[in-house]
Structures are given as structure tokens and as C-alpha cells.
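Presented below is the structure to which this report refers.
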Amino acid sequence: MLFKQQALLRQKLLVLGSLAVGSLLYLVARVGSLDRLPPICPVEGRFSPQNQDAIALRAMQYKRGLLHEFRKGNATKEQILLHNLVQQLPKAIIIGVRKGGTRALLEMLNLHPSVVKASQEIHFFDNDENYAKGIEWYRKKMPFSHPHQITIEKSPAYFITDEVPERIYKMNSSIKLLVIVREPTTRAISDYTQVLEGKERKNKTYYKFEKLAMDANTCEVNTKYKAVRTSIYTKHLERWLKYFPIEQFHIVDGDRLITEPLPELQLVEKFLNLPPRISQYNLYFNATRGFYCLRFNIVFNKCLAGSKGRIHPEVDPSVITKLHKFFHPFNQKFYQITGRTFNWP
């Protein structure tokens with residue numbers, strides 16, 4: 001019995017060996033014939049300018065993948081030197097406006113392979129304690145990037161803080177400044193809604209928007225309410241213009257960024273002197289979320305946090321009308337200064 005089993009095993013091994021040798025001979029013959037096959041397409045087509053751009057873009061995406069890995073862990077000095085990575089001061093800053101869409105703008109600009117974002121708000125220029133730590137501390141808070149890339153950070157409080165324009169000017173007088181705005185009344189209500197949600201999470205009560213936005217004594221708009229003051233864009237911009245020319249600012253339409261993001265992003269690419277790389281492919285509308293989400297490549301998509309796009313409380317129409325009238329002259333001056341007009345009431 002044992003002898004028969006051994007014989008069957010040898011027979012099976014011989015068959016398998018024959019199949020392996022036959023397969024190997026076929027592959028050798030096949031590879032040898034590949035050089036004689038006509039090319040699928042002409043050589044010129046395979047290296048057309050369009051394909052060269054695609055190859056360059058894939059290379060940039062590969063580099064971005066490396067940066068992501070470095071951000072996740074602790075990179076060694078040897079790895080940093082090998083990939084020629086540095087921590088650069090930002091060449092552009094999204095300075096505001098709070099609840100204007102600063103996070104959405106930053107995430108969308110991060111689609112561009114030449115842009116690297118600081119993930120967290122640094123609050124260097126508006127926080128005295130952080131500012132006292134010095135510019136080197138600030139630089140170390142920046143992400144690793146390649147020398148050809150530009151770093152962008154966003155801290156919406158910069159726009160409304162008195163000391164910030166001078167402090168940024170001392171760092172870089174030629175820096176590019178991005179300001180994203182929404183219709184002022186809508187922005188003020190959104191501001192209120194975020195604070196209200198925070199209070200409710202802590203089981204704290206909070207006044208209604210109408211009570212905060214209107215002065216009980218005069219029944220006029222309460223200019224002491226921070227959400228109202230923040231929406232007077234021209235007052236804050238005038239302070240910045242004491243240090244920077246208007247050409248160093250780019251105003252982004254935050255309302256349009258929600259409904260039609262690509263044209264707004266293309267304007268920012270041009271302002272930052274970046275080659276056009278963000279396309280409609282990178283943006284897709286998520287019907288469930290009601291917002292555009294981001295597509296970096298075929299495997300990596302990203303939507304903004306669920307806290308974005310909060311439902312606003314109902315506000316007395318008479319209060320909204322008063323706010324529209326209050327903001328109107330400030331809006332007109334804002335249009336005049338920036339050279340950009342919005343369809344605000």
C-alpha cells in the first residue's frame with residue numbers, strides 16, 4: 001500500500017513539473033515576441049503634453065502622500081532630509097471671517113498639489129501668549145512641505161483683532177491675505193447658532209438671537225454684540241489697509257463657495273499664482289449632506305465635519321429687515337474698497 005502511494009505521489013510531481021516547465025517556456029517565448037509587436041499608440045501620443053501634466057500631477061500627489069505619512073507619525077531627521085522636507089512660514093493666510101466658510105476654503109485649497117495646509121488654527125498673531133513665544137515657535141507649528149509648495153493657515157479671529165495686521169506685516173509685508181465673507185446678517189445668525197450649540201451641549205441657557213442683536217432701550221441694532229460687529233467687514237478691512245495694499249487681499253464669496261465652489265477656487269488659484277489644478281472632478285455634491293465634498297483621488301474622498309451647515313433658528317423677520325438696513329451702507333463701502341460686488345440686501 002505504501003509503495004503504491006509513493007508511486008502516485010511521484011507521478012503527480014512529474015505532471016506538475018511538466019506543466020511548470022511548459023508555462024515557463026511559453027512566457028519566455030511571449031516576452032521575446034513583445035519587442036516585435038507594433039506599439040498600441042504612437043510614441044508621440046504616449047508622451048503628449050496632456051499626459052506629461054498627468055504624470056506631474058501624479059508625482060505631486062505621491063509627494064502629498066509622503067507628507068501625510070510624516071504628519072501621522074514622528075519622522076526621523078534622515079527621512080526629512082531624504083525627501084527634502086521643510087517647515088515653512090505661510091505664504092498666504094486665511095484671516096477670516098468667522099462663519100464665512102474659512103474651514104471649507106482651506107480644505108478645498110488643499111486639493112491643489114502645490115498647497116499644504118496647517119490643520120489646526122494656530123492663533124499666533126491674535127494670542128499674546130502665543131505671540132510672545134516667537135516666530136520660530138510659529139514656524140514649528142507649520143506642516144512639513146516641499147520647497148516649491150506654499151503653506152496656508154487659517155485663523156478667523158485674525159480679521160477682527162486689532163494687533164494682528166501689524167504683527168503679520170512684521171513677519172512678511174508681501175504675504176497674500178484671503179478673506180471669505182457671507183451675507184452679513186446670515187453670517188451673524190450662523191455665528192449665534194454655533195455659540196448656542198456650545199451652550200446647549202453644556203446644558204446652559206442662552207438668550208434668543210433677537211434679544212442679543214437688538215438694543216432693548218433703543219430698539220435699534222446692538223453694535224456691542226460681537227456677532228454684529230464682526231459682520232461690519234469694511235470697519236475691519238480699513239484697519240488692515242493701514243499696513244497692506246488692497247492688491248494683497250483676495251475676497252472670496254462664501255455663499256457661492258457653498259453652491260458653486262469651482263469658479264471661486266479658480267479665482268484663488270490665480271491670486272496665489274498657482275497653476276490650475278483643481279477641477280470639477282475634485283468636487284462632488286453630496287445630496288445627503290447638502291454640500292460639496294472633496295475627491296482627492298479614486299480612493300480618498302472627504303466631507304466636512306457634521307458640525308458644518310448647522311440649521312439656523314427662526315428669527316423675527318422685522319429683526320432681519322433692520323439688520324439688512326443697518327449693514328447696507330457698510331456693504332456698499334466694502335464693495336467700493338474691494339472692487340467686488342455681492343447681491344446682498
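These numbers come from the heavy atoms of this one structure, side chains and all, not from hydrogens, waters or symmetry mates. By convention here, the first residue in the shown sequence is residue 1. Computed from a prediction, not measured in an experiment: that's the story for all the values here.
Scored by the side-chain hydrogen bond (donor to acceptor under 3.5 Å, both in side chains) test, R98 finds D191 as partners (sequence neighbours excluded). A search for side chain to side chain contact (heavy atoms under 4.5 Å, CB included) contacts involving E314 returns nothing, not counting sequence neighbours. Annotation: side-chain hydrogen bond (donor to acceptor under 3.5 Å, both in side chains) contacts of N172 (sequence neighbours excluded): S174. Evaluation of the ring pair (Phe, Tyr, Trp, His ring centres under 6.0 Å) rule for H123 yields no partner, not counting sequence neighbours. By the side chain to side chain contact (heavy atoms under 4.5 Å, CB included) test, K202 is found to be paired with K204, residues two or more places apart in sequence or in another chain being considered.
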For side chain to side chain contact (heavy atoms under 4.5 Å, CB included), just list the numbers for E107 and L304, CA-CA rounded to whole Å, side-chain angles, deciding distance to a tenth of an Å, and then say yes or no.
-> CA-CA 8 Å; E107 296 294 341; L304 296 180; 3.7 Å; yes
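Of all heavy-atom pairs spanning A118 and L106, the tightest one is O-CD2, 3.7 Å. Taking every heavy atom of both residues into account, P156 and V97 meet most closely at CB-C, 4.1 Å. Nearest heavy-atom pair across Y292 and T259 is CE1-O, 3.5 Å. Nearest approach of G96 to F159, heavy atoms of both residues: CA-CB, 4.1 Å. Listed here is the closest heavy atom pair of R277 and P113: CB-CD, 3.8 Å. Considering all non-hydrogen atoms of both residues, S145 and V116 come closest at CB-CG2, 3.8 Å.
Of the possible polar contacts, none joining the R182 side chain to the G100 backbone as a donor-acceptor pair under 3.5 Å is found. Of the possible donor and acceptor atoms, one in the side chain of Q149 sits under 3.5 Å from a partner among the backbone N and O of H146. With N282 contributing its side chain and R295 its backbone, the two residues share a donor-acceptor pair below 3.5 Å. A distance-only check finds a donor-acceptor pair linking the side chain of Q248 to the backbone of S173 [under 3.5 Å]. Using modelled atom types, one side-chain atom of S231 and one backbone atom of P184 make a donor-acceptor pair closer than 3.5 Å. Here the side chain of Q88 pairs no donor or acceptor atom with the backbone of M142 at under 3.5 angstrom. Side chain of S190 to backbone of T186: no donor-acceptor contact under 3.5 angstrom is found. Between the E269 side chain and the P276 main chain, no donor and acceptor come within less than 3.5 Å of each other. A side-chain donor-acceptor contact under 3.5 Å links T161 to the backbone of A157. H112 contributes a side-chain N or O that, together with a main-chain N or O of S114, makes up a donor-acceptor pair within less than 3.5 Å.
Connectivity analysis of hydrophobic side chains (ILVMFWY, heavy atoms under 4.5 Å, direct or indirect) links V315 to I189, Y192, V195, L196, Y206, Y207, F209, L212, M214, V221, Y225, V228, I232, V319, I320, L323, F326, F327, F330. Connectivity analysis of hydrophobic side chains (ILVMFWY, heavy atoms under 4.5 Å, direct or indirect) links Y284 to nothing; its cluster partners are none.
Rounding to the nearest 0.5 angstrom, the gap separating the OH atom in Y233 from the OG1 atom in T230 is 9.0 Å. Atom-to-atom distance recorded for D253:CG and L105:CG is 11.5 Å, nearest 0.5 angstrom. We find the CZ-CG distance between F249 and L177 to be 5.0 Å, quoted to the nearest 0.5 Å. The structure places CD1 of I168 at 6.5 Å from CD1 of I95, a figure rounded to the nearest 0.5 Å. For the atom pair CG of L294 and CE of M108, the computed distance is 5.5 Å after rounding to the nearest 0.5 Å.
Remark: K154 engages E121 in a salt bridge, criterion side-chain N to carboxylate O under 4.0 Å. Ion pairing of E183 with R187 is absent here, as no side-chain N (NZ or NE/NH1/NH2) approaches a carboxylate O to less than 4.0 Å. Of the charged side-chain nitrogens involved, at least one lies within less than 4.0 Å of a carboxylate oxygen, so that E260 and R256 count as a salt-bridged pair.
Applying the side chain to side chain donor-acceptor pair (under 3.5 Å) test to residues at least two apart or on different chains, the pairs with a partner in residues 331-345 are E238-K333, E264-R340. The side chain to side chain donor-acceptor pair (under 3.5 Å) pairs that include a residue from residues 316-328 are D316-S318, where partners are two or more places apart or lie in different chains. A disulfide (SG to SG under 2.5 Å) check over residues 258-295, counting only residues at least two apart or in different chains, returns the pairs C293-C303. Screening residues 258-278 for ring-ring contact (aromatic ring centres under 6.0 Å, His included) gives H250-F271 as the qualifying pairs, with residues at least two apart or on separate chains. Residue pairs meeting the side chain to side chain donor-acceptor pair (under 3.5 Å) criterion with at least one member in residues 134-143, sequence neighbours excluded: E136-R139, Y138-E153.
Linking ILVMFWY side-chain heavy atoms closer than 4.5 Å, directly or via other members, places L178 and F334 in two distinct hydrophobic clusters. In terms of hydrophobic clustering, with Ile, Leu, Val, Met, Phe, Trp and Tyr side chains grouped at heavy-atom distances under 4.5 Å, V252 and L241 are assigned to different clusters.
The shortest side-chain heavy-atom distance between P165 and R239 falls under the 4.5 Å cut-off. Counting only heavy atoms from C-beta outward, the side chains of I152 and I93 never approach each other to under 4.5 Å. Within the 4.5 Å cutoff, side-chain heavy atoms of L257 are placed close to those of L265.
By the 30° and 60° cut-offs, the orientation of the rings of F124 relative to Y131 is tilted.
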